[in-house]
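Here is the structure we will look at.
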Protein chains: 2
Amino acid sequence: MKDNHSVANETGDKGFHWRGRLWLEGEEGTFLGYGRVVLLERIREFGSISQAAKSMEMSYKHAWDLLESMNRQAGCRLVETCRGGKHGGGATLSPAGVKAIALFRHYHDKFKNMLAELDQKMGKLEWKRPDRELPPA
Amino acid sequence: MKDNHSVANETGDKGFHWRGRLWLEGEEGTFLGYGRVVLLERIREFGSISQAAKSMEMSYKHAWDLLESMNRQAGCRLVETCRGGKHGGGATLSPAGVKAIALFRHYHDKFKNMLAELDQKMGKLEWKRPDRELPPA
DNA sequence: CACCGATATATTTTCTTAAGTATATCGGTG
DNA sequence: CACCGATATACTTAAGAAAATATATCGGTG
(Lines give C-alpha, C1' and ligand atoms only; values in the text may rest on other atoms or scores of the structure.)
Protein backbone atom coordinates (compact mmCIF):
# COMPACT_ATOMS: atom_id res chain seq x y z
CA MET A 1 0.00 0.00 0.00
CA LYS A 2 1.41 3.32 -1.03
CA ASP A 3 1.63 6.30 1.23
CA ASN A 4 -1.82 7.78 1.21
CA HIS A 5 -1.11 10.43 3.79
CA SER A 6 -3.18 8.71 6.38
CA VAL A 7 -2.51 8.78 10.05
CA ALA A 8 -2.01 5.43 11.73
CA ASN A 9 -1.54 4.15 15.22
CA GLU A 10 1.21 1.59 15.33
CA THR A 11 0.08 -0.79 18.00
CA GLY A 12 2.32 -3.66 17.01
CA ASP A 13 -0.34 -6.32 17.15
CA LYS A 14 -1.74 -8.04 14.09
CA GLY A 15 -5.27 -6.76 14.53
CA PHE A 16 -7.10 -3.94 12.88
CA HIS A 17 -6.42 -0.34 13.67
CA TRP A 18 -8.07 2.92 12.85
CA ARG A 19 -6.60 5.18 10.24
CA GLY A 20 -7.75 8.58 9.17
CA ARG A 21 -7.03 11.47 6.95
CA LEU A 22 -7.61 15.16 7.50
CA TRP A 23 -7.71 18.07 5.12
CA LEU A 24 -8.87 21.64 4.98
CA GLU A 25 -11.40 22.03 2.25
CA GLY A 26 -12.15 25.13 0.21
CA GLU A 27 -14.16 26.05 -2.85
CA GLU A 28 -12.31 23.87 -5.32
CA GLY A 29 -11.78 20.90 -3.05
CA THR A 30 -8.69 20.39 -0.97
CA PHE A 31 -6.92 23.52 0.16
CA LEU A 32 -4.44 22.02 2.63
CA GLY A 33 -3.77 18.31 2.96
CA TYR A 34 -0.88 16.31 4.28
CA GLY A 35 0.92 16.00 0.95
CA ARG A 36 0.50 19.68 0.15
CA VAL A 37 1.89 20.74 3.49
CA VAL A 38 4.86 18.40 3.24
CA LEU A 39 5.51 19.95 -0.16
CA LEU A 40 5.56 23.39 1.42
CA GLU A 41 7.91 22.14 4.13
CA ARG A 42 10.25 20.65 1.56
CA ILE A 43 10.28 23.89 -0.39
CA ARG A 44 11.21 25.68 2.80
CA GLU A 45 13.95 23.10 3.34
CA PHE A 46 15.42 23.08 -0.18
CA GLY A 47 14.54 26.54 -1.46
CA SER A 48 13.43 24.96 -4.70
CA ILE A 49 10.19 23.54 -6.07
CA SER A 50 11.97 21.05 -8.28
CA GLN A 51 14.19 19.78 -5.46
CA ALA A 52 11.22 19.54 -3.14
CA ALA A 53 9.24 17.61 -5.73
CA LYS A 54 12.14 15.26 -6.42
CA SER A 55 12.56 14.54 -2.71
CA MET A 56 8.93 13.45 -2.63
CA GLU A 57 9.24 11.44 -5.87
CA MET A 58 6.68 13.80 -7.33
CA SER A 59 6.79 15.32 -10.79
CA TYR A 60 7.53 19.03 -10.98
CA LYS A 61 4.28 19.55 -12.83
CA HIS A 62 2.27 17.91 -10.09
CA ALA A 63 3.97 20.01 -7.44
CA TRP A 64 3.37 23.15 -9.46
CA ASP A 65 -0.31 22.28 -9.94
CA LEU A 66 -0.70 21.79 -6.19
CA LEU A 67 0.94 25.15 -5.49
CA GLU A 68 -1.32 26.85 -8.02
CA SER A 69 -4.37 25.32 -6.37
CA MET A 70 -3.23 26.51 -2.96
CA ASN A 71 -2.39 29.99 -4.21
CA ARG A 72 -5.76 30.35 -5.90
CA GLN A 73 -7.72 29.32 -2.86
CA ALA A 74 -5.60 31.25 -0.40
CA GLY A 75 -5.99 34.40 -2.46
CA CYS A 76 -2.27 35.00 -2.24
CA ARG A 77 0.97 33.25 -3.00
CA LEU A 78 2.19 30.74 -0.44
CA VAL A 79 5.48 30.43 -2.30
CA GLU A 80 7.57 33.21 -3.80
CA THR A 81 9.51 32.14 -6.87
CA CYS A 82 12.23 33.69 -8.95
CA ARG A 83 13.69 32.61 -12.26
CA GLY A 84 17.29 32.94 -13.32
CA GLY A 85 19.79 34.42 -10.96
CA LYS A 86 22.54 32.87 -8.94
CA HIS A 87 21.42 29.28 -8.93
CA GLY A 88 19.05 29.54 -11.86
CA GLY A 89 16.14 30.49 -9.69
CA GLY A 90 14.50 29.26 -6.54
CA ALA A 91 11.50 29.36 -4.28
CA THR A 92 10.87 30.50 -0.74
CA LEU A 93 7.83 30.44 1.46
CA SER A 94 5.81 33.61 1.86
CA PRO A 95 4.52 34.53 5.33
CA ALA A 96 1.23 33.01 4.22
CA GLY A 97 3.03 29.77 3.36
CA VAL A 98 4.63 29.64 6.78
CA LYS A 99 1.26 30.27 8.33
CA ALA A 100 -0.38 27.53 6.28
CA ILE A 101 2.12 24.96 7.54
CA ALA A 102 1.62 26.01 11.15
CA LEU A 103 -2.16 25.98 10.81
CA PHE A 104 -2.32 22.52 9.29
CA ARG A 105 0.27 20.97 11.58
CA HIS A 106 -1.53 22.35 14.61
CA TYR A 107 -4.81 20.70 13.72
CA HIS A 108 -3.20 17.62 12.29
CA ASP A 109 -1.51 17.03 15.64
CA LYS A 110 -4.86 17.28 17.37
CA PHE A 111 -6.25 14.90 14.79
CA LYS A 112 -3.52 12.35 15.47
CA ASN A 113 -4.23 12.53 19.17
CA MET A 114 -7.91 11.97 18.56
CA LEU A 115 -7.23 8.90 16.48
CA ALA A 116 -5.02 7.56 19.22
CA GLU A 117 -7.97 7.95 21.57
CA LEU A 118 -10.13 5.94 19.20
CA ASP A 119 -7.66 3.09 19.19
CA GLN A 120 -7.39 3.20 22.96
CA LYS A 121 -11.15 3.00 23.27
CA MET A 122 -11.25 0.03 20.94
CA GLY A 123 -8.53 -1.90 22.69
CA LYS A 124 -6.35 -4.49 21.09
CA LEU A 125 -8.81 -6.27 18.88
CA GLU A 126 -12.46 -5.57 19.22
CA TRP A 127 -13.24 -7.52 16.10
CA LYS A 128 -13.99 -11.16 16.70
CA ARG A 129 -15.90 -13.49 14.49
CA PRO A 130 -19.29 -14.04 16.12
CA ASP A 131 -19.15 -17.66 14.96
CA ARG A 132 -22.06 -18.88 16.96
CA GLU A 133 -23.77 -15.75 18.11
CA LEU A 134 -26.99 -17.67 18.59
CA PRO A 135 -26.44 -21.12 20.09
CA PRO A 136 -28.42 -23.82 18.34
CA ALA A 137 -31.80 -24.26 19.96
CA MET B 1 -16.46 16.98 -6.32
CA LYS B 2 -17.77 13.46 -6.06
CA ASP B 3 -18.71 11.78 -2.83
CA ASN B 4 -15.45 10.71 -1.30
CA HIS B 5 -16.98 9.46 1.91
CA SER B 6 -15.45 12.27 3.88
CA VAL B 7 -17.04 13.80 6.90
CA ALA B 8 -17.75 17.51 6.72
CA ASN B 9 -19.05 20.17 9.01
CA GLU B 10 -21.58 22.33 7.27
CA THR B 11 -20.97 25.74 8.75
CA GLY B 12 -22.74 27.70 6.06
CA ASP B 13 -20.03 30.30 5.63
CA LYS B 14 -17.82 30.52 2.58
CA GLY B 15 -14.58 29.81 4.39
CA PHE B 16 -12.56 26.67 4.74
CA HIS B 17 -13.63 23.78 6.85
CA TRP B 18 -12.01 20.60 8.03
CA ARG B 19 -12.91 17.33 6.43
CA GLY B 20 -11.74 13.89 7.31
CA ARG B 21 -12.05 10.26 6.55
CA LEU B 22 -11.87 7.27 8.83
CA TRP B 23 -11.37 3.62 8.12
CA LEU B 24 -10.42 0.44 9.90
CA GLU B 25 -7.30 -0.98 8.37
CA GLY B 26 -6.28 -4.61 8.18
CA GLU B 27 -3.65 -6.70 6.46
CA GLU B 28 -4.64 -5.92 2.91
CA GLY B 29 -5.54 -2.28 3.41
CA THR B 30 -9.01 -1.09 4.20
CA PHE B 31 -11.20 -3.49 6.10
CA LEU B 32 -14.13 -1.20 6.94
CA GLY B 33 -14.63 2.22 5.42
CA TYR B 34 -17.65 4.42 4.96
CA GLY B 35 -18.52 3.13 1.50
CA ARG B 36 -18.13 -0.48 2.53
CA VAL B 37 -20.38 -0.06 5.53
CA VAL B 38 -23.04 1.76 3.53
CA LEU B 39 -22.91 -1.16 1.12
CA LEU B 40 -23.56 -3.57 3.99
CA GLU B 41 -26.43 -1.39 5.18
CA ARG B 42 -27.96 -1.34 1.72
CA ILE B 43 -27.68 -5.11 1.44
CA ARG B 44 -29.50 -5.38 4.74
CA GLU B 45 -32.13 -3.00 3.38
CA PHE B 46 -32.65 -4.60 -0.04
CA GLY B 47 -31.67 -8.20 0.59
CA SER B 48 -29.68 -8.13 -2.63
CA ILE B 49 -26.13 -7.27 -3.60
CA SER B 50 -27.14 -6.09 -7.04
CA GLN B 51 -29.92 -3.87 -5.71
CA ALA B 52 -27.63 -2.44 -3.06
CA ALA B 53 -24.96 -1.71 -5.66
CA LYS B 54 -27.47 -0.09 -8.00
CA SER B 55 -28.77 2.14 -5.22
CA MET B 56 -25.22 3.39 -4.69
CA GLU B 57 -24.57 3.75 -8.43
CA MET B 58 -21.85 1.18 -8.02
CA SER B 59 -21.15 -1.70 -10.38
CA TYR B 60 -22.01 -5.16 -9.14
CA LYS B 61 -18.44 -6.22 -9.66
CA HIS B 62 -17.11 -3.43 -7.49
CA ALA B 63 -19.55 -4.29 -4.73
CA TRP B 64 -18.65 -7.94 -4.97
CA ASP B 65 -14.92 -7.16 -4.79
CA LEU B 66 -15.48 -5.06 -1.68
CA LEU B 67 -17.44 -7.87 -0.05
CA GLU B 68 -14.72 -10.39 -0.89
CA SER B 69 -12.11 -8.11 0.65
CA MET B 70 -14.16 -7.74 3.81
CA ASN B 71 -14.87 -11.47 4.04
CA ARG B 72 -11.20 -12.35 3.61
CA GLN B 73 -10.02 -9.96 6.27
CA ALA B 74 -12.81 -10.72 8.69
CA GLY B 75 -12.09 -14.43 8.41
CA CYS B 76 -15.77 -15.10 7.92
CA ARG B 77 -18.61 -14.05 5.67
CA LEU B 78 -20.29 -10.74 6.44
CA VAL B 79 -22.96 -11.50 3.86
CA GLU B 80 -24.74 -14.77 3.24
CA THR B 81 -25.75 -15.25 -0.37
CA CYS B 82 -27.89 -17.72 -2.21
CA ARG B 83 -28.40 -18.28 -5.90
CA GLY B 84 -31.57 -19.29 -7.59
CA GLY B 85 -34.70 -19.77 -5.56
CA LYS B 86 -37.82 -17.73 -5.25
CA HIS B 87 -36.49 -14.38 -6.48
CA GLY B 88 -33.45 -15.72 -8.26
CA GLY B 89 -31.28 -15.41 -5.22
CA GLY B 90 -30.46 -12.85 -2.61
CA ALA B 91 -28.17 -11.76 0.14
CA THR B 92 -28.56 -11.20 3.86
CA LEU B 93 -26.18 -9.99 6.53
CA SER B 94 -24.54 -12.54 8.77
CA PRO B 95 -24.21 -11.74 12.50
CA ALA B 96 -20.67 -10.67 11.71
CA GLY B 97 -21.99 -8.26 9.10
CA VAL B 98 -24.40 -6.72 11.57
CA LYS B 99 -21.59 -6.40 14.06
CA ALA B 100 -19.30 -4.76 11.50
CA ILE B 101 -21.88 -2.06 10.81
CA ALA B 102 -22.37 -1.37 14.50
CA LEU B 103 -18.63 -1.26 15.14
CA PHE B 104 -17.88 1.18 12.35
CA ARG B 105 -20.86 3.41 13.00
CA HIS B 106 -19.96 3.65 16.67
CA TYR B 107 -16.46 4.93 15.98
CA HIS B 108 -17.49 6.94 12.97
CA ASP B 109 -19.90 8.87 15.15
CA LYS B 110 -17.11 9.62 17.58
CA PHE B 111 -14.99 10.67 14.65
CA LYS B 112 -17.63 13.09 13.42
CA ASN B 113 -17.87 14.64 16.86
CA MET B 114 -14.11 15.07 16.98
CA LEU B 115 -14.09 16.85 13.64
CA ALA B 116 -16.84 19.13 14.87
CA GLU B 117 -14.58 20.01 17.79
CA LEU B 118 -11.78 20.88 15.39
CA ASP B 119 -14.01 23.27 13.48
CA GLN B 120 -15.22 24.82 16.71
CA LYS B 121 -11.66 25.39 17.81
CA MET B 122 -10.81 26.98 14.50
CA GLY B 123 -13.79 29.30 14.45
CA LYS B 124 -15.35 30.73 11.37
CA LEU B 125 -12.30 31.49 9.28
CA GLU B 126 -8.90 31.25 10.84
CA TRP B 127 -7.23 31.68 7.49
CA LYS B 128 -6.43 35.28 6.60
CA ARG B 129 -3.89 36.51 4.14
CA PRO B 130 -1.00 37.94 6.16
CA ASP B 131 -0.66 40.64 3.50
CA ARG B 132 1.68 42.81 5.40
CA GLU B 133 2.82 40.66 8.26
CA LEU B 134 5.87 42.87 8.71
CA PRO B 135 5.09 46.58 8.36
CA PRO B 136 7.60 48.44 6.20
CA ALA B 137 10.44 49.80 8.30
C1' DC C 1 -38.15 -28.18 -18.15
C1' DA C 2 -37.91 -23.61 -19.64
C1' DC C 3 -37.94 -19.16 -17.36
C1' DC C 4 -36.56 -15.77 -14.15
C1' DG C 5 -33.67 -12.89 -11.25
C1' DA C 6 -30.04 -13.12 -8.65
C1' DT C 7 -25.07 -14.57 -7.62
C1' DA C 8 -20.42 -15.45 -9.49
C1' DT C 9 -16.55 -14.49 -12.53
C1' DA C 10 -13.82 -13.18 -16.54
C1' DT C 11 -12.87 -10.00 -20.03
C1' DT C 12 -12.93 -5.65 -22.21
C1' DT C 13 -13.54 -0.79 -22.34
C1' DT C 14 -13.54 3.67 -20.52
C1' DC C 15 -12.12 7.33 -17.51
C1' DT C 16 -9.30 9.68 -14.54
C1' DT C 17 -5.12 10.90 -12.78
C1' DA C 18 -0.39 11.04 -12.51
C1' DA C 19 3.81 10.74 -14.84
C1' DG C 20 6.76 11.74 -18.59
C1' DT C 21 8.58 14.60 -22.24
C1' DA C 22 9.52 18.84 -24.49
C1' DT C 23 10.33 23.60 -24.71
C1' DA C 24 10.39 28.51 -23.59
C1' DT C 25 11.88 31.77 -20.25
C1' DC C 26 14.50 34.18 -16.85
C1' DG C 27 18.78 36.44 -15.04
C1' DG C 28 23.12 36.17 -12.47
C1' DT C 29 27.92 34.37 -13.54
C1' DG C 30 32.29 33.15 -15.62
C1' DC D 1 27.16 36.41 -24.51
C1' DA D 2 26.90 31.66 -23.88
C1' DC D 3 25.93 28.71 -19.96
C1' DC D 4 23.49 27.01 -16.12
C1' DG D 5 19.73 25.67 -13.12
C1' DA D 6 15.57 26.82 -11.96
C1' DT D 7 10.66 28.40 -13.01
C1' DA D 8 6.70 28.13 -16.20
C1' DT D 9 3.69 25.77 -19.46
C1' DA D 10 1.99 22.74 -23.04
C1' DC D 11 1.56 18.36 -24.81
C1' DT D 12 1.87 13.33 -24.85
C1' DT D 13 2.09 8.95 -22.69
C1' DA D 14 1.27 5.49 -19.22
C1' DA D 15 -0.79 3.42 -15.29
C1' DG D 16 -4.51 2.40 -12.28
C1' DA D 17 -9.17 2.30 -11.04
C1' DA D 18 -13.75 2.06 -12.06
C1' DA D 19 -17.23 0.90 -15.23
C1' DA D 20 -19.25 -1.70 -18.77
C1' DT D 21 -20.04 -5.95 -20.98
C1' DA D 22 -20.46 -10.83 -21.39
C1' DT D 23 -21.40 -15.28 -19.74
C1' DA D 24 -21.98 -19.21 -16.63
C1' DT D 25 -24.43 -20.84 -12.71
C1' DC D 26 -27.93 -21.74 -9.40
C1' DG D 27 -32.59 -23.34 -7.85
C1' DG D 28 -37.44 -22.37 -6.92
C1' DT D 29 -41.64 -21.62 -9.77
C1' DG D 30 -45.25 -21.86 -13.23
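A, B, ... follow the sequence lines: proteins, then strands. Residue 1 opens every chain. The structure presented is a predicted model; accordingly, all values stated were derived computationally and were not measured.
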(request) Take B:Glu57 and A:His87, find for each the nucleotide of DNA chain D with the closest heavy atom, and name the residue whose nucleotide sits nearer the 5' end. (result) A:His87
(message) How many whole angstroms separate atom CH2 of A:Trp64 from atom C1' of D:dA6?
(response) 14 Å
(message) Distance check needed: D:dT23 C1' versus B:Arg83 CZ, whole Å only.
(response) 13 Å
(request) Measure from the side chain of B:His62, starting at C-beta and using heavy atoms only, and say which of D:dT7, D:dA18, C:dT29 lies closest. (result) D:dA18
(message) Base, sugar-phosphate or nothing for A:Gly90? Non-hydrogen atoms, less than 4.0 Å.
(response) sugar-phosphate
(request) Taking the side chain as every heavy atom from C-beta outward, state whether B:Ser69 and B:Gln73 have any pair of such atoms under 4.5 Å apart. (result) yes
(message) Does the structure show a Watson-Crick or G-U wobble partner for C:dG5, both distances under 3.5 Å? Name it, or say none.
(response) D:dC26
(message) Let's test this: given Watson-Crick or G-U wobble pairing with both distances under 3.5 Å, identify the partner of C:dT12.
(response) D:dA19
(request) For the residue pair B:Ile43 and B:Leu93, establish whether any side-chain heavy-atom pair is separated by less than 4.5 Å. (result) yes
(message) Less than 6.0 angstrom separating the ring centers of A:Trp23 and A:Tyr34, yes or no?
(response) no
(request) Write down the distance between CG (A:Leu66) and C1' (D:dA8), rounded to a whole number of angstrom. (result) 15 Å
(request) Compare side-chain N and O positions of A:Ser50 against OP1 and OP2 of D:dT7 and report whether any pair is under 4.0 Å apart. (result) yes
(message) From CZ of A:Phe46 over to P of D:dT7, roughly how many Å is that when rounded to an integer?
(response) 13 Å
(request) Over 60° means perpendicular and under 30° means parallel, so classify the ring planes of A:Trp18 and B:Tyr107, tilted if in between. (result) tilted
(request) Figure out the CD/C1' separation between A:Glu80 and D:dA6, and round it to whole Å. (result) 16 Å
(message) In this structure, how many angstroms lie between the P atom of D:dA18 and the OH atom of B:Tyr60, rounded?
(response) 18 Å
(message) What is the separation between atom CE on A:Met56 and atom P on C:dA18, rounded to the nearest whole Å?
(response) 13 Å
(message) Please pick, from D:dC11, C:dT7, D:dT7, the nucleotide with the shortest atom-to-atom distance to any side-chain atom of A:Lys61.
(response) D:dC11
(request) Look at the side-chain N and O atoms of B:Ser48 and state whether any lies under 4.0 Å from the OP1 or OP2 oxygen of C:dG5. (result) no
(request) For D:dA6, take OP1 and OP2 only and decide whether either is under 4.0 Å from a side-chain N or O of A:Thr81. (result) no
(request) Between B:Gly85 and A:Met58, name the one whose nearest nucleotide on DNA chain C is closer to the 5' end. (result) B:Gly85
(request) Could you check if a side-chain atom of B:Arg36 sits within less than 4.5 angstrom of a side-chain atom of B:Thr30, using non-hydrogen atoms only? (result) yes
(request) Assign each of A:Ser59 and A:Gly88 to its nearest nucleotide of DNA chain C by heavy atoms, then name whichever residue's nucleotide is nearer the 5' end. (result) A:Ser59
(message) Which nucleotide wins on minimum distance to the side chain of B:Ile49, given the candidates D:dA8, C:dT29, C:dA8?
(response) C:dA8
(message) Can you measure B:Lys54 atom NZ to D:dA18 atom P for me and round it to whole angstrom units?
(response) 21 Å
